[in-house]
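We name chains A, B, ... by the order of the sequence lines, and we start the count at 1 in each one. Note that the coordinates shown come from a computational prediction; the quantities given were computed from them, not determined experimentally.
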Protein chains: 2
Amino acid sequence: MSAEPHHHRPSAPSWSTHADEALSRRGSRASAARNAVLAALDSQACCASAQEIHARITTDGTAIGIASVYRTLELLHGLALITRVDTGDGVARYEPAHPNGEHHHHLVCNACGAVEAFHDGELEAAIHAVADRVDFRVDAHDIALRGACRRCR
Amino acid sequence: MSAEPHHHRPSAPSWSTHADEALSRRGSRASAARNAVLAALDSQACCASAQEIHARITTDGTAIGIASVYRTLELLHGLALITRVDTGDGVARYEPAHPNGEHHHHLVCNACGAVEAFHDGELEAAIHAVADRVDFRVDAHDIALRGACRRCR
DNA sequence: CTCTATCCGATAATGAGTATCATTACCAAC
DNA sequence: GTTGGTAATGATACTCATTATCGGATAGAG
Ligand SMILES: [Mn+2]
Ligand SMILES: [Mn+2]
Ligand SMILES: [Zn+2]
Ligand SMILES: [Zn+2]
């Protein structure tokens, strides 16, 4: 199972590498706490809250302060290296923002709170069309579909 | 300026009337506090937070507890009579949900926090198409476009 | 190695939202 | 009109995510 899927890209640089570069370019330092947060973000499938990230890191044995997680997330968000996802439960979640613009949106279950990811090209096209039609410079879009997941239906 | 615009509808019942009916149908009682919240919601152009609603009511002379505002908003939201809008600043905002499904979405300025409303038929169509394409029962959708408003550009 | 800007983590403060509870208002039945 | 049951009120205590503070650690340039 070591074969590359589909196309040949010379080992796409991971998001955390990209983030590392952007951080050092900005004069930020590398540190254990920050590296741990970057690694945690890189390894997560979808969005995660500060506390979830902190829990995952400390479970791995590394001791790191919760304040450092919040600080790092704030820094990364300011540099547009992560995306904030707001599911409406009063907890901010974050996920890596890939430099090529690749992203997804979320299905939120009103019953159990589960969050699933989806992507749809036509929806993206519609969003971009609206962005042009409106008197506003649109930099980003947040979309969440709410309802019931398969298990809760 | 008392002419009806465009089409002839026999004085569309206001949202608060509709909400009142839904509440009494549910066995809820009318009260000063609740009426004040309904009136405030009915008179607002776009979404407002609990605290903003409370401030507007009390400025009008009526004394009402902030808890009643939160309670009423929770009740109305549970009955899908209002929509919660999450602009990402950790404050929940609400606006009337019209029974005919008429609604709008929001442009949020990252610089000054201003919130503008917009509506787009093609975007709605795209959203409904996605909702069918996805393994999830979609009841509602939240869309926010983020960027810079005209003044902050 | 030294120096200093940056970062760390512990902890206090903030603030939106929620839970509690004694009191009050409503309403239908008597 | 009184009463009893239920719902609503508002003051207040509380929860908990996030932010601010601050003395001590440290990366990393020179
Ligand atoms: Mn998109
Ligand atoms: Mn819509
Ligand atoms: Zn579910
Ligand atoms: Zn603005």
Categorize [X] for me: base, sugar-phosphate, or nothing, with a 4.0 angstrom heavy-atom threshold over every strand shown.
X     : value
A:A30 : sugar-phosphate
A:A63 : sugar-phosphate
A:S49 : nothing
A:A33 : sugar-phosphate

Do B:V85 and A:V108 sit in one hydrophobic cluster, given that two such residues count as connected whenever their side-chain heavy atoms are within less than 4.5 Å of each other, even indirectly?
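Per the 4.5 Å side-chain linkage, B:V85 and A:V108 are not co-clustered.
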
Counting only N and O atoms by type, is there a donor-acceptor contact under 3.5 Å from the side chain of A:D120 to the main-chain atoms of B:V130?
no

Sorted by position of nearest nucleotide on DNA chain C, 5' first, the leading residue of B:V91 and B:R71 is B:V91

Interatomic distance where [atom1] belongs to [X] and [atom2] belongs to [N] [whole Å]:
X     : N      : atom1 : atom2 : answer
A:I66 : C:dT14 : CD1   : P     : 20 Å
B:D89 : C:dT14 : CG    : C1'   : 15 Å
B:H77 : C:dT18 : NE2   : P     : 11 Å
A:N35 : C:dC8  : CG    : P     : 9 Å
A:H54 : C:dA10 : NE2   : C1'   : 11 Å
B:I53 : C:dG17 : CD1   : P     : 11 Å
A:L23 : C:dT6  : CG    : P     : 14 Å
A:D86 : D:dT18 : CG    : P     : 9 Å

Distance in Å, B:R34 CZ paired with B:I64 CD1, rounded so as to fall on 0.5 Å steps:
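The distance works out to 10.5 Å.
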
Using the side-chain heavy atoms of [X], tell me which of these nucleotides is nearest: [options].
X     : options               : answer
B:R34 : D:dT9, C:dC8, C:dG17  : D:dT9
B:A92 : D:dG10, C:dG17, C:dC8 : C:dG17
B:Q51 : D:dT18, C:dA16, D:dT9 : C:dA16

4.5 Å side-chain heavy-atom contact, A:H106 and A:C46
yes

Quick one: does A:L81's side chain get under 4.5 Å of A:H18's, heavy atoms only?
yes

C:dC26 base / B:R29 side chain donor-acceptor hit below 3.5 Å:
yes

[N] phosphate, OP1 or OP2, under 4.0 Å from [X] side-chain N/O:
X     : N      : result
A:Y70 : D:dT18 : yes
B:S68 : D:dG10 : yes
A:S31 : C:dC8  : yes
B:S28 : D:dA8  : yes

Should we count CZ of B:R150 as having more than 12 external heavy atoms under 6.0 Å?
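Not buried by this count: 12 neighbours or fewer within 6.0 Å.
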
